[in-house]
Amino acid sequence: ATGRPLWSLAPRGGLTLQQVAADERNLYVCSRSQGESETQIEAFSIETGLRKWRMTAPGLPYATDILVTDSLLAVALNQADPRNPALGAAKVLLMDKTTGETLQEIAFKNTTIYDIKVVDGVLLIVTHDAVIGLGSREPRA
């Protein structure tokens, strides 16, 4: 790399960047609108900086984590700020990386999601009081 700028993205209209992740083709960005109760999730081409898709998650303004796998994008969203002890609704969205379409929502009540990870094909969700492992295979004894 030459250190030469190729393009630049900056939040407009009072957006605050919260989480960023990338794969070999795209940059995935979660941002929060000031005074709004929603998160925007967007995908941008790494080559050009052009937006490929955008979706919003109303009622969940705080993105805790964004995780890119081979085929999916997983985003952890909270109603309450994770730095604040107040608990509210939370979700993990499993999304198609190409289109931004939500394929599955995993909803929680009265909790805050702090982290998500994939380990050996299992999605680990860390909440304020539990660790939850989700996978397509049979549970281990």
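Note that the coordinates shown come from a computational prediction; the quantities given were computed from them, not determined experimentally.
When every heavy atom of M95 is checked against every heavy atom of G100, the shortest pair comes out as CE-O, 3.2 Å. What you find for V68 and Y28 is that their closest heavy atoms are CG2-CD1, 3.7 Å. Considering every non-hydrogen atom in both S31 and E42, the closest pair reads OG-OE1, 4.2 Å. Listed here is the closest heavy atom pair of A74 and L94: CB-CD2, 3.7 Å. The heavy-atom pair separating L73 from W53 by the smallest distance is CD2-CH2, 3.8 Å. Heavy-atom minimum distance, F108 versus I125: CZ-CD1, 4.0 Å.
One finds the CD1 atom of I46 at 9.0 Å from the NZ atom of K52 (value rounded to the nearest 0.5 Å). If you take NZ on K117 and CG on L124, they are separated by 9.5 Å, rounding to the nearest 0.5 Å. Within the model, atoms CD of Q18 and CG of D81 stand 8.5 Å from one another, a figure rounded to the nearest 0.5 Å.
Checked by atom type and distance alone, the side chain of T99 pairs as donor or acceptor with a backbone atom of E101 at under 3.5 Å. No donor-acceptor pair closer than 3.5 Å links the side chain of N78 to the backbone N or O of A80. In this structure, Q79 contributes its side chain and G88 its backbone to no donor-acceptor pair below 3.5 Å. Within the 3.5 Å criterion, the main-chain N or O of D115 finds no donor-acceptor partner in the side chain of T64. Between the side chain of T48 and the backbone N or O of L50 there is at least one donor-acceptor pair closer than 3.5 Å.
Side-chain polar atoms of H128 and T112 form no donor-acceptor pair below 3.5 angstrom. Under the 3.5 Å distance criterion, with hydrogens and angles disregarded, no donor-acceptor pair is assigned to the side chains of N26 and K97.
With hydrophobic clusters built from ILVMFWY side chains whose heavy atoms lie under 4.5 angstrom apart, M55 shares a cluster with L77. The hydrophobic cluster containing L93 also contains L60, counting ILVMFWY residues as joined when their side-chain heavy atoms lie under 4.5 angstrom apart, directly or transitively. Residues L67 and L134 fall within the same hydrophobic cluster, defined by Ile, Leu, Val, Met, Phe, Trp and Tyr side chains chained together at heavy-atom separations under 4.5 Å. I113 and L123 fall within a single hydrophobic cluster, where Ile, Leu, Val, Met, Phe, Trp and Tyr are joined by side-chain heavy atoms under 4.5 Å apart, directly or via other members. Both F44 and V20 sit in one connected hydrophobic cluster of ILVMFWY residues. Membership requires side-chain heavy atoms under 4.5 Å apart, directly or through other members.
With respect to the salt-bridge test (charged N to carboxylate O, under 4.0 angstrom), the residues D23 and R25 do not qualify.
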Let's go through V29 and L17 carefully: what are the C-alpha distance in whole Å and the side-chain angles of both, what is the deciding distance for side chain to side chain contact (heavy atoms under 4.5 Å, CB included) to 0.1 Å, and is it a yes or a no?
CA-CA 7 Å; V29 178; L17 296 176; 3.4 Å; yes

Derivation of the side chain to side chain contact (heavy atoms under 4.5 Å, CB included) call for T39 and T56: CA-CA 6 Å; T39 297; T56 59; over 6 Å; no

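Applying the side-chain hydrogen bond (donor to acceptor under 3.5 Å, both in side chains) rule to N110 yields no partners; only residues at least two apart in sequence or on another chain are considered. Residues satisfying the side-chain contact (heavy atoms from CB on, under 4.5 Å) criterion with Q19, sequence neighbours excluded, are C30, A63, D65, I66.
In this structure, the side chains of S71 and T69 come closer than 4.5 Å at one or more pairs of heavy atoms. Residues R32 and P61 meet the side-chain proximity criterion, which asks for heavy atoms closer than 4.5 Å. Between L72 and L103, the closest side-chain pair of non-hydrogen atoms falls below 4.5 Å.
Remark: D70 CG is loosely packed, at most 12 non-hydrogen atoms of other residues, nucleotides or ligands lying under 6.0 Å away.
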